[in-house]
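Here is the structure we will look at, set down as structure tokens.
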Amino acid sequence: MTGPTRRTAAAVPLPVVLAGARGHGRWHLANLRRLQHQGRVRLAGICELEPLTADELAAFDLVGDARPEQSADFGALLDATGARAAVVCTPIPTHTDLALTAASRGVHLLLEKPPAASWAAYARMADGVRRAGTACQVGFQSFGSHAVPAIQELVRTGAIGTLTGIGAAGAWVRDDAYFRRAPWAGRRRIGSTDVVDGVLTNPLAHAVATALELADRGTAEDVLSVETELFRAHDIEADDTSCVRITTTGGLPVTVAATLCAERAGEPCVIVHGDRGRITFWYKQDRVLIQRAGHGPVESVHGRTDLLENLVDHLEQGTPLLVPPERTGAFMRVVEAVRTAPEPVALPADAWETRYDAPGGGARRTVHGIDGLVAAGAESLALFSELGAAWARSSEAAAS
């Protein structure tokens with residue numbers, strides 16, 4: 001890894017290129033503008049197939065001398081701008097090649113999750129970044145929550161007794177338009193190219209990765225086995241209602257249940273189970289609830305370190321990265337298990353209904369009773385088929 005550059009009072013802001021500035025990329029654009037205002041970074045370039053319009057740039061106050069260069073050629077843009085870091089927020093199948101393009105030029109990375117669509121692509125990316133000596137931060141923002149080390153310390157000191165398992169639940173609402181947001185949306189593959197845009201691997205990937213992190217089992221070597229149950233209510237290739245149980249090399253079960261077909265949108269959470277208590281972590285809110293024998297419930301809200309700021313601190317001061325690629329190896333084992341699993345099973349028509357209460361009056365599909373089923377999976381560490389869902393019993397499931 002390249003050595004850090006010590007920041008001085010007159011240090012030049014780090015020049016950064018953003019690849020993918022629309023969709024979720026707008027969040028990164030706003031964050032870059034925030035850090036640019038603080039003098040930490042300079043948005044040197046934006047890589048998009050279609051350049052951002054003057055109105056789009058003006059919305060982020062990127063006008064006049066502050067206007068970044070734009071190009072659809074990522075490598076050429078890195079060369080032209082002299083960028084030292086890049087934020088990659090592009091379609092999943094492009095992550096590895098763009099990461100390697102940056103690494104070959106000595107450009108450090110904030111790479112959006114999931115880092116790749118297959119284990120082979122992830123390994124190629126991680127190996128290339130390592131050989132190039134460049135820093136790579138994977139975009140699991142929940143790892144920046146100060147609640148994560150606080151929970152890990154509670155577990156280490158026996159606050160909830162012996163750890164018995166980790167459960168996670170995510171019940172989100174997504175309308176039909178969500179699955180038309182891009183050509184790769186809701187796809188398992190396009191031709192021979194893996195996409196794996198399923199509920200566990202992309203929209204609620206944080207639930208999986210955060211559960212593994214709280215189990216302190218984030219590396220590929222920590223995973224013994226992965227069981228998957230993949231379903232879909234929507235007319236898509238990928239899964240929108242699924243659960244997975246990871247067994248770690250120490251025998252600890254980590255179960256995640258998730259859906260994009262919730263009856264009511266809920267806050268995703270991870271539950272750390274012990275034999276004398278439990279800790280619930282609502283990771284989008286940085287909120288923690290501790291419940292244990294002999295004590296009243298204790299709730300707290302924690303701060304959060306921004307991952308791009310952490311990357312800048314790493315380059316300038318040697319601060320350890322919060323999410324280096326190796327800490328996402330276990331998550332990528334789950335991605336690979338989903339990728340190679342049988343095609344998601346289409347739920348029978350009587351298992352779901354269409355509602356027209358999505359924002360803007362759009363249509364959405366909801367699975368009957370799924371909110372409770374997802375919560376029960378995190379509570380009991382059981383899979384859908386073990387919780388009595390008729391459509392999840394293997395004897396009745398039929399891939400379409």
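Along the sequence shown, residues are numbered consecutively beginning with 1. Because the structure is a prediction, the values reported are computed rather than measured.
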Lys/Arg N to Asp/Glu carboxylate O, Glu336 vs Arg339, below 4.0 Å: yes
Is Val155 reachable from Leu289 through a run of I, L, V, M, F, W or Y residues, each pair having side-chain heavy atoms under 4.5 Å apart? no
So does Glu343 pair up with Arg189, basic N to acidic O under 4.0 Å? yes
Looking at Arg40 and Asp306, does any basic side-chain N land under 4.0 Å from a carboxylate oxygen? no
Do Thr255 side-chain atoms and Leu381 backbone N/O form a donor-acceptor pair below 3.5 Å? yes
Looking at Thr328, Thr201, Val208, which hits side-chain contact (heavy atoms from CB on, under 4.5 Å) with Val335? Thr201
State which residues pass ring-ring contact (aromatic ring centres under 6.0 Å, His included) with Trp184; sequence neighbours excluded, sorted by chain then number. none
Can you list everything that forms a ring-ring contact (aromatic ring centres under 6.0 Å, His included) with His234? Sequence neighbours excluded, please. Phe179
Could you measure the distance from the CZ atom of Arg365 to the CD1 atom of Ile370? Nearest 0.5 Å is fine. 15.0 Å
What I'd like to find out is whether the side chain of Leu111 reaches to under 4.5 Å of the side chain of Cys136, using heavy atoms alone. yes
Mind listing the closest non-hydrogen atom pair of His108 and Gly133 along with its distance? CE1-O, 4.5 Å
Residues Ala135 and Leu311: closest non-hydrogen pair is CB-CD1, 4.0 Å
Roughly how far apart are Thr162 OG1 and Asp275 CG, rounded to 0.5 Å? 4.5 Å
May I ask you to test the Val148-Gln152 pair for a side-chain heavy-atom distance under 4.5 Å? yes
Arg130 vs Pro325 side-chain heavy atoms within contact, under 4.5 Å: no
Flag the pair Met332 / Pro115 as yes when at least one side-chain heavy-atom distance between them is below 4.5 Å, and no otherwise. yes
Determine the sole option in Asp175, Asp357, Asp240 for which the salt bridge (charged side-chain N to carboxylate O under 4.0 Å, His left out) test with Arg364 is passed. Asp357
I need the minimum non-hydrogen distance between Gly167 and His273, along with the two atoms involved. N-CD2, 4.0 Å
Between Val270 and Ala207 the two heavy atoms that sit nearest each other are CG2-O, 4.1 Å
Determine whether a donor-acceptor pair (N or O, by modelled atom type, separation under 3.5 Å) exists between the side chain of Glu229 and the backbone of Phe384. yes
Are any of the side-chain nitrogens in Arg124 or Asp97 under 4.0 Å away from the carboxylate oxygens of its partner? yes
Sequence neighbours left out, what pairs pass salt bridge (charged side-chain N to carboxylate O under 4.0 Å, His left out) with at least one residue falling in residues 135-144? none
Under the side-chain contact (heavy atoms from CB on, under 4.5 Å) test against Ile166, which residue among Val256, Ile246, Val254 passes? Val254
Partners passing ring-ring contact (aromatic ring centres under 6.0 Å, His included) against Phe281 (at least two apart in sequence or in another chain): none
Any Leu57 side-chain heavy atom under 4.5 Å of Gln70 side chain: yes
Going hydrophobic residue to hydrophobic residue with side-chain gaps under 4.5 angstrom, can you get from Leu204 over to Ile92? no
Salt bridge (charged side-chain N to carboxylate O under 4.0 Å, His left out) contacts in which one or both residues fall within residues 279-294, not counting sequence neighbours: Asp286-Arg304, Arg287-Glu299
Would you indicate whether the side-chain heavy atoms of Leu212 and Arg333 approach each other to under 4.5 Å? no
Interatomic distance, CZ@Arg276 vs NE2@His295, rounded to 0.5 Å, equals 8.5 Å
Gap between atom CG of Asn31 and atom CD of Glu309 - 0.5 Å precision: 7.0 Å
Electrostatic pair Arg278-Glu379, nearest N-O below 4.0 angstrom: yes
Would a 4.5 Å heavy-atom cut-off, applied to side chains only, mark Tyr283 and Ser145 as touching? no
With rounding to the nearest 0.5 Å, note down the distance linking CH2 in Trp172 to CG in Asp371. 14.5 Å
State, with a plain yes or no, whether a side-chain heavy atom of Val199 is found less than 4.5 Å away from one of Thr259. no
Return yes when atom CD of Glu50 has more than 12 non-hydrogen atoms of other residues, nucleotides or ligands closer than 6.0 Å, and no otherwise. no
Closest approach of Leu260 to Tyr178 (non-hydrogen atoms, all atoms of both residues): CD1-CE2, 4.0 Å
Taking only residues two or more places apart in sequence, or in another chain, which ones meet His28 in a ring-ring contact (aromatic ring centres under 6.0 Å, His included)? His24
Whether the side chain of Gln137 engages the backbone of Leu321 through a donor-acceptor N/O pair (distance < 3.5 Å, no angle test) should be reported. no
Please step through salt bridge (charged side-chain N to carboxylate O under 4.0 Å, His left out) for the pair Arg180 and Asp176, ending with a clear verdict. CA-CA 7 Å; Arg180 300 191 300 269; Asp176 291 355; 5.0 Å; no
Asn310 (side chain) donor-acceptor with Leu322 (main chain) under 3.5 angstrom: yes
